Number of protein chains: 2
Amino acid sequence: MDKQSIYDDLKKRILTLELEPGTALDEASLSKHYQISRTPLREVLRGLAGEGCVEIVNNRGAYVSSMSHKVLRDFFITAPMIYSAIGRLAAQNAKPAQIQEMSEIQEKFRAAIESGSSADMVYWNQCFHALMGEMADNPYLKPSYDRLLIDHARISQTFYRPRDPEMSKRNIDALAHHDQMIGAIESGDSQAIVDLIVEHWELSRDLIEYFVKPDPLAFEMAAVNE
Amino acid sequence: MDKQSIYDDLKKRILTLELEPGTALDEASLSKHYQISRTPLREVLRGLAGEGCVEIVNNRGAYVSSMSHKVLRDFFITAPMIYSAIGRLAAQNAKPAQIQEMSEIQEKFRAAIESGSSADMVYWNQCFHALMGEMADNPYLKPSYDRLLIDHARISQTFYRPRDPEMSKRNIDALAHHDQMIGAIESGDSQAIVDLIVEHWELSRDLIEYFVKPDPLAFEMAAVNE
DNA sequence: TCAATATTAAATGTATACAATATGTATACT
DNA sequence: AGTATACATATTGTATACATTTAATATTGA
């Protein structure tokens, strides 16, 4: 397994919460697991730290980056601005080959939703939005955008409930948004893509609110007053 | 010299253009220069790559990141949005100790301008704006902001002419902006800081335009027609 | 002479051994 | 008993030797 594959594998395990926020990433165990020496493994961990997946503390090793309330708040403040900017630039700069690739990813995403595979949904959704970042082709926005996507995936996983029928409905909506986004990018319609991204964002935000502020459990007032 | 110092030193040399864009960063030479083995030096280079100072090509080493026309364009597109957002957040979140520190940095900056030391001006200006990024305290915006600051310093250096009287005038203006920014942050005035940042940005932008589109050299039409 | 291939030198990439640091445990002391 | 200190263990950080890849040069053939 080469370094890039190890990088991708670790990132995937962090995004899917298989490695939960705060988990210690022990160099010896990982290098044994991936059958590679500690030197290149350390470089992988430091690479992931640069992307925000991992936090490194001096002389105390690497940890999967945390997801505090503060982080959640910053995420809600920041995502709409960056997502809109990336979308606008993507509509302006997307190359035909990238649009083709995006269509293919979208079909994989559609298949994942139809099959109900939660891990695949997260993965192909991630690919879709990461590709939009590539289309935007702006080295200054990319690091922030990528970091937002990482936490977006983790937050979504946290609040996703595969058995809730409300989820299927939202997935269908998200899928439709993606289709429309591809159309807007093809026609280079900046305003359309920004509108779609705002709509898509609100879907995601509402999903999270839906679970942060759920309906209280049923209870009998009479029983309490007895 | 410890790893952090080496990191800082290299970053400073890149910012001040002592190490020009595209310069190859040879591991052996650098490790000899800093009296450290290649292993930790490689980690430093990869750290700088994560920040955007350095580009690493597989099996071909590290280079000071380039400054193409494309980069310049992306810089102009992106900086106003991120700078404004950071400024707004700084006004909202700055801690008293940080405001104190900013005042101290500003005095160093003032001294640098009065003494006319170009390198010190770049350095303390960088510190001022980097601290504003700390005040904003937003992990999603920070990586983009830091990358913008790096290239902002390099672009400014490229177009700075210490002997031009126009420069001194602009320096005085920049200094005044900084003073006003500290005031706006102290009073938590978001609107004021955004206005100041836009003004400050325009100063910087005009400076660059002033040298990208200079007045043509004098010539005699008559001579051409002879 | 030019092109293609083989060889060689120099660089990066990896493994491993050793050093420094941090944590946990045991022991001594108040 | 509780705290502090000393020691032991485990983990990270660094140096160095070796492997691999790249690039430059030399050599051979047409």
Side-chain angles (χ1 to χ4, degrees), chain A residues 1-14 17-68 139 143 146 150, chain B residues 1-14 17-68 139 143 146 150:
Chain A
M1 204 168 189
D2 73 339
K3 217 156 59 158
Q4 186 60 49
S5 312
I6 294 170
Y7 189 100
D8 294 341
D9 187 63
L10 272 173
K11 185 171 171 180
K12 194 168 181 176
R13 289 166 70 187
I14 291 170
L17 298 178
E18 181 192 330
L19 294 169
E20 293 179 25
T23 307
L25 298 170
D26 175 59
E27 293 179 4
S29 320
L30 285 174
S31 70
K32 191 178 174 186
H33 176 258
Y34 287 117
Q35 293 286 305
I36 198 175
S37 81
R38 276 178 56 221
T39 311
L41 185 87
R42 278 169 69 88
E43 293 190 351
V44 168
L45 289 177
R46 269 144 189 82
L48 289 166
E51 222 184 333
C53 290
V54 159
E55 282 161 16
I56 288 174
V57 187
N58 251 3
N59 293 314
R60 291 190 51 187
Y63 298 83
V64 176
S65 63
S66 58
M67 293 285 299
S68 62
D146 287 345
I150 290 164
Chain B
M1 205 170 189
D2 73 341
K3 218 157 57 161
Q4 186 59 49
S5 311
I6 295 169
Y7 189 99
D8 294 341
D9 187 62
L10 273 172
K11 185 170 172 183
K12 194 168 181 175
R13 288 167 69 187
I14 291 171
L17 297 177
E18 180 191 331
L19 294 169
E20 292 179 27
T23 306
L25 297 170
D26 176 59
E27 293 179 3
S29 322
L30 285 174
S31 70
K32 191 178 173 188
H33 177 258
Y34 288 117
Q35 293 286 306
I36 198 174
S37 81
R38 277 178 54 223
T39 312
L41 186 87
R42 280 168 66 88
E43 293 190 350
V44 168
L45 289 176
R46 271 145 187 80
L48 289 166
E51 221 184 334
C53 291
V54 159
E55 283 161 16
I56 288 174
V57 187
N58 250 3
N59 294 316
R60 291 190 51 188
Y63 298 83
V64 176
S65 61
S66 58
M67 292 286 301
S68 62
D146 287 344
I150 289 163

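The sequence lines fix the lettering, A, B, ..., with proteins before strands; numbering per chain opens at 1. A quick note: this is a predicted structure, and the numbers were derived from the prediction, not measured.
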Contacted region of DNA chain C by chain A, from 5' end to 3' end of the hits, cut-off under 4.0 Å to heavy atoms, spans dT14(C) to dT23(C)

Side chains of T39(A) and R42(B): closer than 4.5 Å at any heavy-atom pair?
no

Sorted by chain and residue number, the side chain to side chain donor-acceptor pair (under 3.5 Å) partners of Q4(B) (sequence neighbours excluded) come out as D8(B)

Does a side-chain heavy-atom distance below 4.5 Å link S29(B) with L25(B)?
no

I need the residues from residues 37-45 of chain A with at least one non-hydrogen atom less than 4.0 Å from DNA chain D; give them sorted by number, or say none.
R38(A), R42(A)

Closer to the 5' end of DNA chain C via nearest nucleotide, is it R60(A) or K3(A)?
K3(A)

Separation of atom CD in Q4(B) from atom P in dG13(D), rounded to whole Å:
13 Å

Which heavy atom of K11(A) sits nearest a heavy atom of I150(A), and at what distance?
CE-CG1, 4.3 Å

Could you walk me through whether L30(A) and L45(A) pass the side-chain contact (heavy atoms from CB on, under 4.5 Å) test, one step at a time?
CA-CA 10 Å; L30(A) 285 174; L45(A) 289 177; 4.3 Å; yes

When every non-hydrogen atom of I56(B) is compared with those of A49(B), the smallest separation belongs to CD1-CB, 3.9 Å

Taking the side chain as every heavy atom from C-beta outward, state whether V44(A) and I36(A) have any atom pair closer than 4.5 Å.
no

How about S5(A) and D2(A): do any of their side-chain heavy atoms sit closer than 4.5 Å?
yes

